[in-house]
Amino acid sequence: MKHNYTVLLFVFMLCVFAFSVVFPLAGKRLKKSGGTEKKEYLIGISQANLLEQWRITMNREIEEEAAKHSDLRCIFTDAAMNTDRQLEDIRMLMGYAIDLLIVSPNDSDVLRPYISDIHKKIPVIVLDRDIVGEDYSLYIGPDNYRIGKTAGEYVIGLLGEKGGNIIEVCGRPDSPSAKERSQGFYDALNGTDNCRIVCRLTANWMQDQAEDRMKEYLSVTDTNIDVVFAQNDAMAYGAYSAMQKMRTAPALCVGVDGLDGPKGGKKMVEEGILSATLICPTGGRQAIEYALRMLRGEKKFPHSIILSPSLIVNKS
């Protein structure tokens with residue numbers, strides 16, 4: 001009998017240990033601070049994809065900002081452009097008893113009812129792609145229409161009185177940010193007679209697709225191209241590479257994102273690969289700032305924060 005009790009005790013302790021390993025983040029999270037217990041907050045971050053450098057930068061900024069606060073921990077997930085997977089990611093995060101959700105939706109329409117339900121339980125911050133309605137705590141995103149319009153105004157100045165032919169390289173056709181950037185760009189050019197969009201290529205935010213689409217277009221046209229406006233820097237570089245490889249007279253290239261680093265838009269402007277880029281803020285740092293304000297009990301904050309772009313040009 002004593003042996004049986006020993007076995008049962010061993011099994012019980014093993015189960016407790018296993019639970020603590022598999023679910024280390026569940027339950028109350030309290031930590032000692034100066035002799036007193038201090039709440040430790042857990043934030044779940046559901047990212048639409050990490051195929052774009054801009055989104056990788058968003059996650060890095062969230063991580064860097066969160067690291068400044070000892071009472072904050074983050075869990076990151078990557079949906080890899082799959083909405084069903086993102087729903088599973090969000091369910092998993094909720095299973096970890098997160099205190100707040102930061103989500104950058106892959107498909108805002110599909111996620112809307114799920115976000116609405118979660119918002120009844122915990123605060124939700126939506127990044128980049130807005131969700132129809134008000135069933136979330138805060139939306140933070142770039143002013144995509146203004147990005148497109150600013151790019152268009154810059155291109156008009158770049159081409160001058162002579163004008164010229166323009167190719168627009170667009171992101172995903174179902175992406176609201178791609179549509180808004182196109183609309184702003186079109187509206188800027190609409191008041192001119194000599195600046196013409198001769199072709200719109202779809203490259204789904206990807207550098208390799210932009211290069212392929214540009215090569216295909218150049219192989220079937222003899223139209224002279226003066227400017228390429230791409231809705232992100234990766235696609236701008238893809239278009240630039242295609243022109244280099246096709247030995248075509250290089251057009252001036254304008255991109256969007258303006259990221260730091262050796263392969264970022266700022267460096268490409270500095271090296272003369274891009275004529276200009278627009279800095280598109282990710283909102284990652286602001287998300288953590290407002291998340292902490294919510295978690296610490298603050299009630300007054302805006303329902304949406306729209307981040308303005310800034311233009312970086314090659315001055316040489």
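Quick caveat: nothing in here was measured; it's all calculated off a predicted structure.
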With no hydrogens and no angle check, just 3.5 Å: does a side-chain donor-acceptor pair link [X] and [Y]?
| X | Y | answer |
| --- | --- | --- |
| Asn106 | Thr83 | yes |
| Ser137 | Tyr290 | no |
| Gln86 | Asn82 | no |
| Arg172 | Asn204 | no |
| Ser177 | Arg129 | no |
| Asn59 | Gln47 | yes |
| Thr202 | Arg213 | no |

* To do: Check each of Ile305, Leu127, Leu307 against Gln286 using the side-chain contact (heavy atoms from CB on, under 4.5 Å) test, and report the only one that passes.
  => Leu307
* Among Pro142, Pro176, Ser108, Ser175, the one residue meeting side-chain contact (heavy atoms from CB on, under 4.5 Å) with Asp128 -> Pro142
Tell me whether [X] is salt-bridged to [Y], with the criterion being a basic N under 4.0 Å from an acidic carboxylate O.
| X | Y | answer |
| --- | --- | --- |
| Asp257 | Arg55 | no |
| Arg60 | Glu63 | no |
| Asp260 | Lys266 | yes |
| Glu270 | Lys267 | yes |

Hey, are the side chains of [X] and [Y] touching, using non-hydrogen atoms and a 4.5 Å cut-off?
| X | Y | result |
| --- | --- | --- |
| Ile125 | Leu100 | yes |
| Tyr217 | Thr223 | yes |
| Leu295 | Ile43 | yes |
| Glu64 | Ile288 | no |
| Leu201 | Cys199 | yes |
| Ile75 | Leu42 | yes |
| Leu101 | Ile122 | yes |
| Leu189 | Ile156 | yes |

Working to the nearest 0.5 angstrom, can you tell me the gap between [X] [atom1] and [Y] [atom2]?
| X | Y | atom1 | atom2 | answer |
| --- | --- | --- | --- | --- |
| Tyr139 | Ile131 | OH | CD1 | 10.0 Å |
| Asp78 | Asn49 | CG | CG | 6.5 Å |
| Glu61 | Arg285 | CD | CZ | 4.5 Å |
| Ser310 | Leu278 | OG | CG | 7.5 Å |

* To do: Would you confirm whether Ser104, through its side chain, and Ser46, through its main-chain N or O, come within 3.5 Å as a donor-acceptor pair?
  => no
* **Side-chain (Arg196) to main-chain (Asn194) donor-acceptor, under 3.5 angstrom** => yes
* To do: Could you please spell out the steps behind the side-chain contact (heavy atoms from CB on, under 4.5 Å) verdict for Asn314 and Leu274?
  => CA-CA 8 Å; Asn314 186 307; Leu274 302 184; over 6 Å; no
* Asked: Where do His69 and Tyr41 land on the ring pair (Phe, Tyr, Trp, His ring centres under 6.0 Å) test, with the steps shown first?
  -> CA-CA 10 Å; His69 306 279; Tyr41 300 107; over 10 Å; no
With a cut-off of 6.0 Å (strictly less than), are more than 12 heavy atoms of other residues, nucleotides or ligands near [atom1] of [X]?
| X | atom1 | value |
| --- | --- | --- |
| Glu216 | CD | yes |
| Lys162 | NZ | no |
| Tyr186 | OH | no |

* Determine the minimum heavy-atom distance between Cys195 and Ile166, stating which atoms define it. => CB-CD1, 4.2 Å
* **Minimal non-hydrogen separation, Ser275 against Tyr154, with atom names** => OG-OH, 2.7 Å
Which donor-acceptor pairs under 3.5 Å do side chains of residues 226-249 form with protein atoms, sequence neighbours excluded?
{"residue": "Asp226", "atom": "OD1", "partner": "Asn224", "partner atom": "ND2", "Å": "3.1"}
{"residue": "Asp226", "atom": "OD2", "partner": "Asn165", "partner atom": "N", "Å": "2.7"}
{"residue": "Gln231", "atom": "OE1", "partner": "Gly171", "partner atom": "N", "Å": "3.1"}
{"residue": "Gln231", "atom": "NE2", "partner": "Glu168", "partner atom": "OE2", "Å": "3.2"}
{"residue": "Gln231", "atom": "NE2", "partner": "Ala178", "partner atom": "O", "Å": "3.1"}
{"residue": "Gln231", "atom": "NE2", "partner": "Ser182", "partner atom": "OG", "Å": "3.0"}
{"residue": "Asn232", "atom": "OD1", "partner": "Ala234", "partner atom": "N", "Å": "3.4"}
{"residue": "Asn232", "atom": "OD1", "partner": "Met235", "partner atom": "N", "Å": "2.8"}
{"residue": "Asn232", "atom": "ND2", "partner": "Trp205", "partner atom": "O", "Å": "3.1"}
{"residue": "Asp233", "atom": "OD1", "partner": "Val256", "partner atom": "N", "Å": "2.9"}
{"residue": "Asp233", "atom": "OD1", "partner": "Thr277", "partner atom": "OG1", "Å": "2.8"}
{"residue": "Asp233", "atom": "OD2", "partner": "Gly258", "partner atom": "N", "Å": "2.9"}
{"residue": "Asp233", "atom": "OD2", "partner": "Thr277", "partner atom": "OG1", "Å": "3.1"}
{"residue": "Ser241", "atom": "OG", "partner": "Tyr237", "partner atom": "O", "Å": "3.0"}
{"residue": "Lys245", "atom": "NZ", "partner": "Glu211", "partner atom": "OE2", "Å": "2.7"}

* Hey, can you tell me if Tyr136 and His303 have their rings parallel, tilted or perpendicular (30° and 60° cut-offs)? => parallel
* Residues Ile62, Phe76; criterion side-chain contact (heavy atoms from CB on, under 4.5 Å); working and verdict -> CA-CA 10 Å; Ile62 289 172; Phe76 293 82; 3.8 Å; yes
* Asked: Checking side-chain contact (heavy atoms from CB on, under 4.5 Å) for the pair Met94/Ile118: CA distance, chi angles, key distance, verdict?
  -> CA-CA 9 Å; Met94 292 299 290; Ile118 291 169; 3.9 Å; yes
* Among Lys121, Arg73, Lys39, find the residue that satisfies the salt bridge (Lys or Arg N to Asp or Glu O under 4.0 Å) test when tested with Asp99. => Lys39
